[in-house]
Structures are given as C-alpha cells and as structure tokens.
There are 2 protein chains.
Amino acid sequence: MARRSQGDRRKTILRVAGRLFSQRGYYGTSIRDIAGAIRLQGGSLYAHIASKEELLWEIVEEAAQAFLSSLEPIVRSERSPVEKLRLAVATHLQVVTERQDAAVVFNHEWKALSPKRRADILARRDAYEALFREILREGIEAGVFRADLNVPLITRFILTALNGVAVWYRPKGPLSPEQIAEAFADWAIRGLQICNPAEVPR
Amino acid sequence: MARRSQGDRRKTILRVAGRLFSQRGYYGTSIRDIAGAIRLQGGSLYAHIASKEELLWEIVEEAAQAFLSSLEPIVRSERSPVEKLRLAVATHLQVVTERQDAAVVFNHEWKALSPKRRADILARRDAYEALFREILREGIEAGVFRADLNVPLITRFILTALNGVAVWYRPKGPLSPEQIAEAFADWAIRGLQICNPAEVPR
DNA sequence: AATTTAAGCAAACGTTCGTTAGCAAAAATG
DNA sequence: CATTTTTGCTAACGAACGTTTGCTTAAATT
C-alpha cells in the first residue's frame with residue numbers, strides 16, 4: 001500500500017494547530033495539546049516540525065500570502081472603483097471563510113512571533129491596507145466617493161469589520177460568504193458614495 | 001504620613017495587569033511579569049489578589065459594566081434613531097478610548113475565563129449587541145433606515161469596527177475619539193438611510 | 001529478504017508557571 | 001509605646017511548558 005506522501009502528516013499538524021491556536025490562542029495551546037488532538041505524544045511532533053513558533057509562522061505567513069495575492073489583481077485591474085471595492089470585499093471574505101482558522105490566527109496571534117517575523121507580517125499587513133486604501137482613493141478621484149472621507153480611517157473600519165467575520169462565521173450558519181459580502185458592500189458603498197441612488201450600482 | 005488608602009496598590013496591579021494582558025494576552029503574561037512591572041516579586045502579588053484569573057475577571061467585568069451602563073440610557077431615551085445611533089457610537093468609542101486596555105482585554109481575552117465567568121460575560125455581550133440592534137430596528141420602523149437591512153449582521157459589522165479602534169487608537173494620535181466617532185457615524189448612517197441627503201442629519 | 005528511513009513512544013532535560021509558606025520590615029491602630 | 005495589620009521578601013512546591021534523547025516499530029527501498 002502506498003505510504004502517505006511525505007508532508008501529509010505535517011499538513012494535518014498545521015491544520016489542527018491552526019484550529020487550536022484560533023480557539024485558545026498561541027500561548028493557550030501547548031505542544032501536547034496539538035499532539036493529543038491527533039493522538040500523538042508531545043515529543044513525537046518534533047519528527048515533523050522544528051519548533052512551536054515555526055507552526056505559528058507557517059500558518060500566519062500562508063494567510064498573509066493568501067490575502068495579498070487575492071487582492072493585488074483586483075486593485076490592478078481596469079474596473080471601476082465601486083466594482084473593485086465589491087470584489088475586494090468578496091474575495092477578502094472568501095479567504096476569511098475558506099481559511100477561517102488561519103485568518104483568526106493571522107489577525108490575533110502575530111504578536112507571538114519573533115520580532116523579525118512579526119515585522120515581516122506587519123509590513124505585509126500594511127501593504128494590504130495600502131492596496132485597499134488605493135481603491136477608496138481612486139473612487140474619490142473619479143468623483144464617485146465623497147471627497148471628505150478620511151481614507152485611512154474608513155479603510156481600517158472596513159478591514160476590521162471584515163476580519164471580524166473570521167471570528168463568528170460558521171459554515172453551517174444561515175449566511176453564505178457571498179451573502180455576507182453583498183450585505184456589507186451594499187452598506188459600505190452606500191456610505192461612501194456622494195449620492196445615494198435607490199439601488200447601489202454594480 | 002498618611003498611608004496609601006487600602007486598595008490603592010490593588011488598583012495599580014489591576015492597571016498594569018490590564019496593560020500587559022492587552023499587549024501580550026492573558027497566557028502570554030505571567031504573574032512575575034505583572035509583579036516585575038511594579039518592582040515586586042511574583043509571590044508578593046498574592047497579598048493583594050486571590051488568583052491570576054481574578055485579575056482578568058475584574059478587568060473584563062468592569063469593562064462589560066462600563067459598556068452596558070453607558071448604552072442603556074441612550075437606547076431608552078426619547079431621541080430619534082439617528083441621534084441614538086450617533087450617541088451610541090460616540091459613547092462606545094468613549095469607553096473604548098478611556099479604558100483602552102480593558103476594552104482590548106474584554107474583546108480578546110474573555111475566552112481565558114472559567115466557563116461560568118465566560119458565560120456571564122458572553123451574556124452581557126449579547127445583551128449589549130441586542131441594545132444596539134434595537135436602535136437599527138427602530139430606525140427601520142420609523143422609515144429612516146432601509147427595510148432590507150440585515151440588522152444582526154450590520155450590527156456586528158458596526159460593533160466589530162468600533163471595537164477595533166481599541167487596538168490601534170493612540171491618545172497622542174492625530175484623531176480625537178470624537179473625530180473618530182463622527183467619521184464613523186457619518187459613514188455608517190449614510191449607509192443605513194433610505195435616502196442620502198447631501199448632509200447627514202443630526 | 002536485507003537494509004535503510006521515517007514515525008512514534010517513553011522518559012527525561014532544564015525552565016517557567018501559578019501559588020503557598022514562613023519570616024521580616026513598615027505602617028497603622030490602640 | 002505596644003500591638004496589630006499590611007506589605008513585601010526569599011524560598012520552595014508541584015505542575016506544565018518546549019524540546020531532546022534513545023529506543024522500537026513499521027513502512028519503503030534495494
């Protein structure tokens with residue numbers, strides 16, 4: 001019988017570590033907790049990982065990558081600002097709901113990283129926020145969004161609200177990620193626009 | 001010389017515990033960290049507190065009280081829904097910025113409480129959210145807010161965005177709590193209203 | 001079938017954790 | 001001034017932490 005491909009076990013460990021880190025936090029989760037969840041002894045994990053922090057790093061860094069790489073093409077595309085914002089909200093929530101544990105850990109546990117890695121993550125988080133701001137800026141320049149918006153501030157509000165979805169979203173809940181995205185975008189964009197048409201344009 | 005009134009030292013401990021819990025999390029902060037921050041030995045804290053969890057509990061429970069008791073009179077008042085929402089946003093941000101550490105701990109560290117205390121906090125958090133929803137509901141009933149709003153969902157968005165301020169707000173930053181409240185309320189209310197006047201009413 | 005490699009266990013390492021005990025100094029109280 | 005109470009120290013407790021070591025079993029390779 002074919003043996004499990006190398007790294008298969010490792011992925012399982014990363015998955016369960018992500019779940020536990022997101023539920024109890026990095027410091028609230030022990031190596032023995034993670035091992036016990038897949039019926040291993042604590043020390044046995046070290047056949048697959050180098051350290052506990054490496055686990056956190058891989059989870060957080062993959063999430064950072066997922067967020068950045070999904071937003072970049074949208075911002076660089078040739079759509080209207082409103083379309084871009086709608087898409088950005090939808091794909092952000094797609095990442096958040098598809099990689100829910102990683103998103104929670106990315107948002108709440110990056111402080112536990114070593115200074116170097118923490119700085120790396122912060123830089124990418126800043127880059128992501130800058131991309132988002134770019135959309136609002138374009139909207140103002142195009143005359144569709146109000147000129148009196150505090151762009152960095154509103155961007156923070158938007159991203160915080162969207163990231164919060166990672167905490168309460170349940171796949172079996174009544175709302176799909178797409179429905180959540182639509183409700184949020186409808187509300188948010190209406191608040192940004194200069195004039196308020198009966199229907200928010202798409 | 002008059003000795004420091006009893007409990008003065010205790011308040012200092014609570015303050016620094018709140019700061020450390022908010023910066024490094026409950027599990028990331030040791031009793032010796034807290035003691036060291038006021039130049040005491042770890043064991044010396046136990047002349048003032050019963051346990052580490054008691055510290056967390058007092059911080060979290062006081063924050064819960066502050067939020068609830070500041071919102072209740074607003075919801076029960078005779079103002080218009082728009083006025084109520086503006087006030088609710090402003091006082092929420094007032095609590096968040098005046099008791100910043102406690103607000104962060106309240107939002108992120110309640111999971112570390114014992115099951116009974118965790119349930120208590122969750123109940124009060126739910127009650128608070130329900131009060132907030134009440135404002136949106138009234139607005140829809142009065143015909144000033146759109147009837148197609150998903151009230152629980154939008155309420156979550158609003159509260160998550162507001163709570164996020166506790167994480168990034170700096171007293172010496174360029175924006176006062178009142179300015180943050182105004183920018184948020186302008187944007188949020190514009191997104192809720194059926195029609196979009198040039199100026200948001202007050 | 002023999003050999004190499006990977007996976008997991010039990011036990012232990014040194015450290016840190018929350019907490020307690022016993023004692024000393026200082027401050028408040030009578 | 002004598003006494004009680006508060007505050008803090010040092011030292012230690014047992015438990016849990018992340019990690020390492022040496023051994024065993026099982027799987028893959030030759």
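Because the structure is predicted, anything quoted here is derived from the model rather than measured.
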By side chain to side chain donor-acceptor pair (under 3.5 Å), which residues pair with [X], not counting sequence neighbours?
{"X": "B:Arg24", "result": "B:Asp33"}
{"X": "A:Asp148", "result": "A:Arg146"}
{"X": "B:Glu58", "result": "B:Arg10"}
{"X": "A:Gln65", "result": "A:Arg124"}

Can you give me the N/O atom pairs linking the protein to nucleotides 9-12 of chain D at distances under 3.5 Å, or say none if there are none?
from	atom 1	to	atom 2	distance (Å)
D:dC9	OP2	B:Gln41	N	2.8
D:dC9	OP2	B:Ser44	OG	2.8
D:dT10	OP2	B:Gln41	NE2	3.3
D:dA12	N6	B:Arg32	NH2	3.4

### Query
Under 3.5 Å, is there a donor-acceptor pair linking the side chains of A:Arg32 and A:Ser30?
no
### Query
In which stems does DNA chain C show up, taking only runs of three or more Watson-Crick or G-U wobble pairs whose two distances fall under 3.5 Å?
C:1-30 with D:1-30
#### Entry: Side-chain heavy-atom pair A:Leu162, B:Thr160 within 4.5 angstrom cut-off
no
### Task
Measure from CG on B:Asp33 to P on C:dC17 and round the result to the nearest Å.
6 Å
### Task
Using whole Å, report how far CZ of A:Arg10 lies from C1' of C:dA6.
15 Å
#### Entry: Residues touching DNA chain D, which here means a heavy atom under 4.0 Å, drawn from residues 45-62 of chain A
A:Tyr46, A:Ser51, A:Lys52
### Message
Short of 4.0 Å, heavy atom to strand atom, which residues of residues 19-29 of chain B count as contacting DNA chain D?
### Response
none
### Task
Return the nearest nucleotide to the side chain of A:Ile31; candidates are D:dC17, D:dT19, C:dC17.
D:dT19
### Query
For B:Val75, does its backbone N or O pair with a side-chain atom of B:Lys84 as donor and acceptor, under 3.5 Å?
yes
### Message
Taking ring-ring contact (aromatic ring centres under 6.0 Å, His included) as the cut-off, I'd like each qualifying pair that reaches into residues 39-70 of chain A, sequence neighbours left out, listed once.
### Response
A:Phe67-A:His92, A:Phe67-A:Phe106, A:Phe67-A:Tyr128
### Task
Quick one: which residue pairs count as a ring-ring contact (aromatic ring centres under 6.0 Å, His included) with a foot in residues 147-169 of chain A, not counting sequence neighbours?
A:Phe157-B:Phe184
### Message
Below the 4.0 Å mark, does D:dA16 have OP1 or OP2 next to a side-chain nitrogen or oxygen of A:Ser30?
### Response
no
### Query
Once you round to the nearest 0.5 Å, how far does CG of A:Leu149 lie from CD1 of A:Ile140?
4.5 Å
### Task
Scan residues 90-116 of chain B for pairs that pass salt bridge (charged side-chain N to carboxylate O under 4.0 Å, His left out), counting only residues two or more places apart or in two chains.
B:Glu62-B:Arg99
### Task
For residues 34-48 of chain A, pull every pair meeting salt bridge (charged side-chain N to carboxylate O under 4.0 Å, His left out), keeping only residues two or more places apart or in separate chains.
none
### Query
So does A:Arg117 pair up with A:Glu53, basic N to acidic O under 4.0 Å?
yes
